[in-house]
Chemist: 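My questions will all concern the structure given below.
Predicted model, so just to flag it, every value in this text is computed and none were measured. Side chains are part of it too, since the values below use all heavy atoms of this structure and drop only hydrogens, waters and symmetry mates.
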Amino acid sequence: MAALSAWFWNERFWLPQNVTWADLATDSESEEQYPRAGHILSVFPIALGIFAVRLLFERFIAKPCALRLGIHKSGPRRPQPNAILEKVFVSITKCPDGKRLEGLSKQLDWDTQKIQRWFRHRRNQDKPSTLTKFCESMWRFTFYLYIFSYGIRFLWSTPWFWDTRQCWYNYPYQPLTSGLYYYYIMQLAFYWSLMFSQFTDIKRKDFLIMFVHHLATISLISFSYVNNMVRVGTLVMCLHDASDFSLEAAKLTNYAKYQRLCDSFFLFFALVFVTTRLVIYPLWILNTTMFESWELIGPYPSWWLFNGLLLILQVLHIIWSYLIIRIAYKALLRGKVLKDDRSDVESSSEEEDSTLNGTKGVHNNGANRVNGHASSSRWTEE
């Protein structure tokens, strides 16, 4: 274990030339403290605390707000109990093909449409209710808005916010202030709390994707903390937080069926996301991590890895921006033609009446709150 630890914490990988871990030990005379790997252990009890606060927040704050807005827990209609269909659903397939539908129809003496409707209701039963999704989004909106506000307030008074070359002056001998420590630890603890909650929340189709996303985020934050790239790390985190709260606001207004407000928040989110990821990130972040740092401190092994990860992140930014622009474009087209598309959550037994009731809904009074809600549900799920 000692040999493995010595290999992993090799100074020639983590630190610039002629710098050792002993150089970054706490200076008793000046009382300056530098980031240490052991600090990350304090994240886990804080993450559990954040998770507990989330449970209390969703129950005593978010849920009453949802109920006041008319969002109730009643989920999709449950299918009538049927042991044969339940066995097929659990053990074989959730979406039977035509051949299997024919076999089940003969076995149960049901028509195929009735069996399809049963499977549709059963699939909807496993999906989170609108109330559950509203409470989760309200928690994320609150945290994202808080941490972004804190980040802007903290960085506003730092020299590296105004001159990114300050991220590398006297590196790595840059003391860890209490504000820096709090910002990093809270961000890291929040993403660990999301890792925990994924295993207790209702499982969704993007479980694996989000698990990998949270793991990558935790790894990048931890990596930049250990080798004391916290100054540029705060810039990266704040830049990425700039658009998150507006997306959650769009989800909240969508669940509450305030369509026009929902579309406005989403378009604002798309504008901020594309601007921060495709313009500010490469011109501000990548410029300082790749060129200014090369000039001031020079490259070393972990420097190459850090910049490699940031470049991979830029590739993801381009992909996500394309998807967001495409979703926004489709939403604008649907808004123009008032097309009442199906949401990602499949319809209940009222689907048979959609031709009559759905058409009337488009011409109802109160268009600001109801019209086009089904069309917006698709982009929020995407």
Side-chain angles (χ1 to χ4, degrees), residues 7-10 12-16 35 37 40 43 140 144 147-148 151 155 160 164-165 167-168 171-172 183-184 187-192 194-195 198 204-244 247 269-328 382:
W7 170 82
F8 183 81
W9 296 110
N10 190 309
R12 297 286 60 81
F13 171 80
W14 289 96
L15 302 173
I40 295 178
V43 162
R140 295 194 183 200
Y144 288 145
I147 203 67
F148 175 67
L155 288 171
W160 62 88
T164 52
R165 296 174 69 88
C167 294
W168 313 108
Y171 177 85
Y183 191 30
Y184 248 81
Q187 288 272 17
L188 198 52
F190 176 71
Y191 281 102
W192 270 113
L194 292 182
M195 291 280 282
Q198 273 204 300
R204 296 182 179 175
K205 60 186 179 183
D206 63 347
F207 174 85
L208 182 60
I209 294 174
M210 294 311 298
F211 180 83
V212 173
H213 171 270
H214 298 332
L215 189 61
T217 303
I218 288 169
S219 301
L220 195 53
I221 294 175
S222 302
F223 178 83
S224 63
Y225 185 85
V226 168
N227 66 356
N228 202 17
M229 289 185 176
V230 290
R231 291 188 176 184
V232 72
T234 57
L235 300 180
V236 175
M237 291 189 296
C238 187
L239 188 67
H240 283 76
D241 290 338
S243 60
D244 289 343
L247 177 61
F269 157 76
L271 177 63
V272 174
F273 187 96
V274 172
T275 302
T276 54
R277 264 63 165 193
L278 299 188
V279 180
I280 300 177
Y281 181 83
L283 296 180
W284 195 40
I285 301 297
L286 293 182
N287 177 64
T288 190
T289 60
M290 297 181 66
F291 302 109
E292 293 178 349
S293 65
W294 180 291
E295 177 186 345
L296 295 172
I297 65 173
Y300 53 98
S302 67
W303 180 94
W304 289 103
L305 178 59
F306 185 65
N307 279 285
L309 294 173
L310 293 179
L311 286 173
I312 292 173
L313 194 56
Q314 179 60 44
V315 174
L316 295 176
H317 289 164
I318 295 171
I319 297 172
W320 291 331
S321 296
Y322 164 74
L323 295 175
I324 289 169
I325 292 171
R326 189 179 68 174
I327 294 169
E382 292 182 33

Chemist: Side chains of Met290 and Leu311: does their closest heavy-atom pair fall under 4.5 Å?
Modeler: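 Answer yes - side chains close enough.
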
Chemist: Once you round to the nearest 0.5 Å, how far does CZ of Phe273 lie from CG of Leu278?
Modeler: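 CG of Leu278 is found 7.5 Å from CZ of Phe273.
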
Chemist: State, to 0.1 Å, how close Phe306 and Ser224 come at their nearest heavy-atom pair, and which atoms those are.
Modeler: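 Result for this residue pair: CE1-CB, 3.9 Å.
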
Chemist: State the CD-CD1 distance between Gln187 and Ile147, to the nearest 0.5 angstrom.
Modeler: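 Going from the CD atom of Gln187 to the CD1 atom of Ile147 covers 5.0 Å.
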
Chemist: Trp14 and ring pair (Phe, Tyr, Trp, His ring centres under 6.0 Å): which partner among Trp7, Tyr225, Tyr300, Phe223?
Modeler: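 Testing each of Trp7, Tyr225, Tyr300, Phe223 against Trp14, the sole residue satisfying ring pair (Phe, Tyr, Trp, His ring centres under 6.0 Å) is Phe223.
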
Chemist: Identify the heavy atoms of Arg277 and Pro282 that sit nearest to each other, and give their distance.
Modeler: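 Shortest heavy-atom separation between Arg277 and Pro282 comes out as O-CD, 3.4 Å.
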
Chemist: Closest approach of Ala37 and Trp9, non-hydrogen atoms and distance?
Modeler: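 So the minimum-distance heavy-atom pair works out to CB-CH2, 3.5 Å.
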
Chemist: Measuring from Leu235:CG to Trp160:CH2, what's the distance to the nearest 0.5 Å?
Modeler: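 One finds 8.0 Å between CG of Leu235 and CH2 of Trp160.
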
Chemist: If you compare all heavy atoms of Leu188 against all heavy atoms of Ile218, which two are closest, and at what distance to 0.1 Å?
Modeler: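 Shortest heavy-atom separation between Leu188 and Ile218 comes out as CD1-O, 3.8 Å.
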
Chemist: Backbone N or O of Pro172 within a donor-acceptor pair of the Asn228 side chain at under 3.5 Å?
Modeler: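 Confirmed, Asn228 side chain pairs with Pro172 backbone.
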
Chemist: Looking at Thr288 and Thr164, what are the two nearest heavy atoms and their distance?
Modeler: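 So the minimum-distance heavy-atom pair works out to OG1-O, 3.3 Å.
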
Chemist: Looking at residues at least two apart in the chain, or sitting in another chain, which of them share a ring-ring contact (aromatic ring centres under 6.0 Å, His included) with Trp320?
Modeler: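 Listed in chain order: nothing, the list is empty.
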
Chemist: Is Leu239 close to Tyr281 at the side-chain level, that is, under 4.5 Å between some pair of heavy atoms?
Modeler: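 Side chain of Tyr281 against side chain of Leu239, heavy atoms only: contact under 4.5 Å found.
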
Chemist: Determine whether a donor-acceptor pair (N or O, by modelled atom type, separation under 3.5 Å) exists between the side chain of Asn307 and the backbone of Thr289.
Modeler: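 Yes: the side chain of Asn307 pairs with the backbone of Thr289.
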
Chemist: Mind running side-chain contact (heavy atoms from CB on, under 4.5 Å) on Arg231 and Trp168 for me, showing each step along the way?
Modeler: CA-CA 8 Å; Arg231 291 188 176 184; Trp168 313 108; over 6 Å; no

Chemist: Determine, step by step, whether Ile285 and Gln314 satisfy the side-chain contact (heavy atoms from CB on, under 4.5 Å) criterion, reporting the C-alpha distance in whole Å, the side-chain angles of both residues, the deciding distance to 0.1 Å, and the verdict.
Modeler: CA-CA 10 Å; Ile285 301 297; Gln314 179 60 44; over 6 Å; no

Chemist: How long is the gap from CD1 on Ile221 to OH on Tyr184, to the nearest 0.5 Å?
Modeler: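 Reported value, rounded in 0.5 Å steps: 7.0 Å.
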
Chemist: side-chain contact (heavy atoms from CB on, under 4.5 Å) for Val274 and His317? Distances and angles first, verdict last.
Modeler: CA-CA 8 Å; Val274 172; His317 289 164; over 6 Å; no

Chemist: Nearest 0.5 angstrom please: Tyr144 OH to His240 NE2, how far?
Modeler: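 Reported value, rounded in 0.5 Å steps: 12.0 Å.
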
Chemist: Of all the heavy-atom pairs spanning Gly298 and Trp303, show the shortest one and how long it is.
Modeler: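 Closest heavy-atom pair between Gly298 and Trp303: O-CD1, 4.4 Å.
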
Chemist: Taking the side chain as everything from C-beta on, heavy atoms only, tell me whether Trp284 gets closer than 4.5 Å to Val232.
Modeler: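 No - every pair of side-chain heavy atoms lies 4.5 Å or more apart.
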
Chemist: If I take atom CG from residue Leu305 and atom CG from residue Leu310, how far apart are they, to the nearest 0.5 angstrom?
Modeler: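 Rounded to the nearest 0.5 Å, the CG-CG separation comes to 9.5 Å.
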
Chemist: Any side-chain heavy atom of Met210 sitting closer than 4.5 Å to one from Leu194?
Modeler: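 Result no, sub-4.5 Å side-chain heavy-atom pair not found.
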
Chemist: Less than 4.5 Å apart, side chain to side chain, heavy atoms only: is that true for Phe13 and Asn227?
Modeler: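 Side chain of Phe13 against side chain of Asn227, heavy atoms only: no contact under 4.5 Å found.
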
Chemist: Should Ile324 and Phe269 be marked as a side-chain contact (heavy atoms from CB on, under 4.5 Å) after you check the CA-CA gap, both sets of side-chain angles, and the distance that decides it?
Modeler: CA-CA 9 Å; Ile324 289 169; Phe269 157 76; 3.7 Å; yes

